[in-house]
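All values derive from a computational prediction rather than experimental measurement.
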Amino acid sequence: MSDTSLQSVQLLLERQQSYIDIMNLMGRYQYLHTGGQMKMIGRELFAWDQPDARCEYGPLGVFGPEKSLAFFDAMSEIFTGGQGHCHPGLLEIHQITTPVLEVAGDNQTAKGLWMSTGAILMLHDAGAEEGRSFTWDTGKYAVDFLRTEQGWKIWHLHVCDMWRTSFDEDPVAQAAALDPGTTQEMIDSWNARAAAGEEVRPHGMPIIPDGPTTFHYTYAADSIAPQEPRPPVPYQTFAETFSY
């Protein structure tokens with residue numbers, strides 16, 4: 001076998017190992033999320049040291065690397081109150097299924113898309129009429145990955161809502177108009193109010209996003225089933241593909 005053939009086989013094996021590593025990375029993300037350990041996601045799984053790293057959750061807008069860490073920290077605080085474990089009576093589960101994962105031909109980046117159906121159980125929910133809530137929560141995880149010296153990391157994370165409803169509600173009957181998400185005008189207003197000394201909590205979070213919502217879908221009276229984010233296709237280098 002020629003040196004070129006050996007190199008091709010070696011790269012193929014390395015890409016297959018990358019596939020396994022990335023699947024495990026996303027599994028760890030979900031287990032940490034369920035345990036309220038979002039801070040660990042930010043510090044250990046997320047490529048926070050990359051200037052173009054970002055995360056986007058539903059309609060909240062886009063957070064760059066620094067604000068992504070702040071976002072993960074804030075989520076940990078919401079889940080745990082700084083106690084190191086979730087509040088009693090709180091359980092949030094997000095399974096991921098139907099993976100489409102493409103590792104780049106050069107094995108330096110990867111792209112993945114997953115469906116997710118989960119549930120959120122809250123014994124103490126101040127925002128709920130009865131003081132507690134129980135909801136189905138479904139969406140998509142669209143993720144770009146970067147190979148680093150510390151292994152594979154989440155580079156661009158886009159969690160897209162699809163629908164959310166209480167266990168005892170009819171989501172079709174309750175459907176309202178589509179929420180377009182966070183706009184640049186909203187961000188400018190939040191920043192102006194914060195600069196004037198006001199405590200601003202966009203969508204209940206203590207962090208103002210860096211950018212507006214790029215894509216957002218929730219089941220609504222005027223919604224059309226989404227074709228975005230689209231699954232990845234094979235590619236050689238990240239310059240040849242799109243970004244989540």
Side-chain angles (χ1 to χ4, degrees), residues 22-50 53-97 114 116-141 143 148 150-161 163-169 182 190 193-194 197-210:
I22 292 168
M23 286 295 187
N24 286 341
L25 173 63
M26 285 303 294
R28 290 189 181 95
Y29 172 100
Q30 299 301 338
Y31 286 119
L32 290 172
H33 192 297
T34 295
Q37 299 172 294
M38 298 293 286
K39 181 178 292 188
M40 290 181 64
I41 290 176
R43 300 305 191 280
E44 298 180 11
L45 307 186
F46 183 66
W48 56 267
D49 57 342
Q50 298 297 316
R54 62 180 180 270
C55 74
E56 180 175 1
Y57 281 78
L60 303 184
V62 177
F63 300 92
E66 292 184 7
K67 288 191 176 180
S68 288
L69 287 182
F71 176 84
F72 291 132
D73 290 350
M75 288 296 292
S76 281
E77 180 65 24
I78 290 171
F79 272 68
T80 69
Q83 299 302 305
H85 57 77
C86 287
H87 297 294
L90 170 62
L91 179 62
E92 186 163 347
I93 305 172
H94 296 275
Q95 300 96 335
I96 50 175
T97 66
W114 289 261
S116 173
T117 298
I120 305 173
L121 310 178
M122 298 182 68
L123 180 61
H124 307 287
D125 185 353
E129 183 176 345
E130 297 182 350
R132 62 184 185 277
S133 60
F134 34 91
T135 57
W136 295 117
D137 187 23
T138 69
K140 296 180 182 180
Y141 281 77
V143 192
T148 73
Q150 294 76 41
W152 284 96
K153 300 287 185 179
I154 295 170
W155 185 19
H156 308 136
L157 173 64
H158 192 170
V159 183
C160 307
D161 292 334
W163 62 273
R164 180 180 293 184
T165 186
S166 294
F167 287 7
D168 57 351
E169 287 185 350
T182 297
W190 291 330
R193 289 162 53 193
E198 181 180 345
E199 181 182 2
V200 181
R201 296 182 65 87
H203 305 287
M205 296 295 293
I207 307 132
I208 299 172
D210 292 307

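Other residues, nucleotides and ligands contribute at most 12 non-hydrogen atoms within 6.0 Å of the CD atom of Glu129. More than 12 heavy atoms of other residues, nucleotides or ligands sit less than 6.0 Å from atom CZ of Phe167. Annotation: Gln95, atom CD; neighbour count of heavy atoms from other residues, nucleotides and ligands within 6.0 Å is above 12.
Evaluation of the side chain to side chain donor-acceptor pair (under 3.5 Å) rule for Arg193 yields Glu198 as partners, not counting sequence neighbours. Among residues two or more places apart in sequence or in another chain, the salt bridge (Lys or Arg N to Asp or Glu O under 4.0 Å) test is passed with Arg132 by Glu130. The salt bridge (Lys or Arg N to Asp or Glu O under 4.0 Å) search around Lys67 returns Asp210, not counting sequence neighbours. The salt bridge (Lys or Arg N to Asp or Glu O under 4.0 Å) check on Asp137 picks up Arg164, with sequence neighbours excluded. With sequence neighbours excluded, the residues forming a side chain to side chain donor-acceptor pair (under 3.5 Å) with Asp73 are Arg43, listed by chain and number. With sequence neighbours left out, the ring pair (Phe, Tyr, Trp, His ring centres under 6.0 Å) criterion links His156 to no other residue. For Thr80, the side chain to side chain contact (heavy atoms under 4.5 Å, CB included) criterion is met by no residue, not counting sequence neighbours. Judged as a side chain to side chain donor-acceptor pair (under 3.5 Å), and not counting sequence neighbours, His85 has no contacts. Under the side chain to side chain contact (heavy atoms under 4.5 Å, CB included) criterion, Glu77 pairs with no residue at all, not counting sequence neighbours. For Trp152, there are no ring pair (Phe, Tyr, Trp, His ring centres under 6.0 Å) partners two or more places apart in sequence or in a different chain. Residues passing the side chain to side chain donor-acceptor pair (under 3.5 Å) test with Asp161, sequence neighbours excluded: none.
When all heavy atoms of Gly42 and Phe72 are compared, the closest pair comes out as CA-CD1, 3.3 Å. Contact detail for Ala194 and Val200: the closest heavy-atom pair is N-CG2, 3.7 Å. When all heavy atoms are compared, the tightest approach of Thr182 to Gly61 is OG1-N, 3.8 Å. Nearest heavy atom pair, residue Ala53 against residue Ala47, reads CB-O, 3.1 Å. Across all their heavy atoms, Gln37 and Ser76 have their closest contact at C-OG, 3.8 Å.
To the nearest 0.5 Å, atom CD1 of residue Ile22 and atom CG of residue Asn24 are 10.5 Å apart. Remark: Trp114 CH2 to Gln30 CD distance equals 9.5 Å, nearest 0.5 Å. The distance from atom CG of Leu69 to atom CD1 of Ile41, rounded to the nearest 0.5 Å, is 12.0 Å.
Looking at Thr138 and Trp163, their side chains do bring a donor and an acceptor atom within 3.5 Å of each other. His94 and Thr117 form no side-chain donor-acceptor contact under 3.5 Å, judged by distance and modelled atom types alone.
Using a 4.5 Å cut-off on side-chain heavy atoms (C-beta onward), Glu56 and Leu157 make no contact. Taking 4.5 Å as the limit, every side-chain heavy atom of Met122 sits out of range of all side-chain heavy atoms of Phe134. Put simply, the side chain of Ser68 reaches to within 4.5 Å of the side chain of Phe46, judged on heavy atoms. The shortest distance between side-chain heavy atoms of Tyr29 and Val143 does not fall below 4.5 Å. Within the 4.5 Å cutoff, side-chain heavy atoms of His33 are placed close to those of Phe79. Contact of the Leu25 side chain with the Ile154 side chain is registered, since non-hydrogen atoms from C-beta on lie closer than 4.5 Å. Using a 4.5 Å cut-off on side-chain heavy atoms (C-beta onward), Thr34 and Leu32 make no contact. A 4.5 Å side-chain heavy-atom check between Ile208 and Phe63 finds every atom pair outside the cut-off.
A salt bridge (Lys or Arg N to Asp or Glu O under 4.0 Å) check over residues 82-93, counting only residues at least two apart or in different chains, returns nothing.
Checked by atom type and distance alone, the side chain of His158 never pairs as donor or acceptor with a backbone atom of Lys140 at under 3.5 Å. Using modelled atom types, no side-chain atom of Ser166 and backbone atom of Glu169 make a donor-acceptor pair closer than 3.5 Å.
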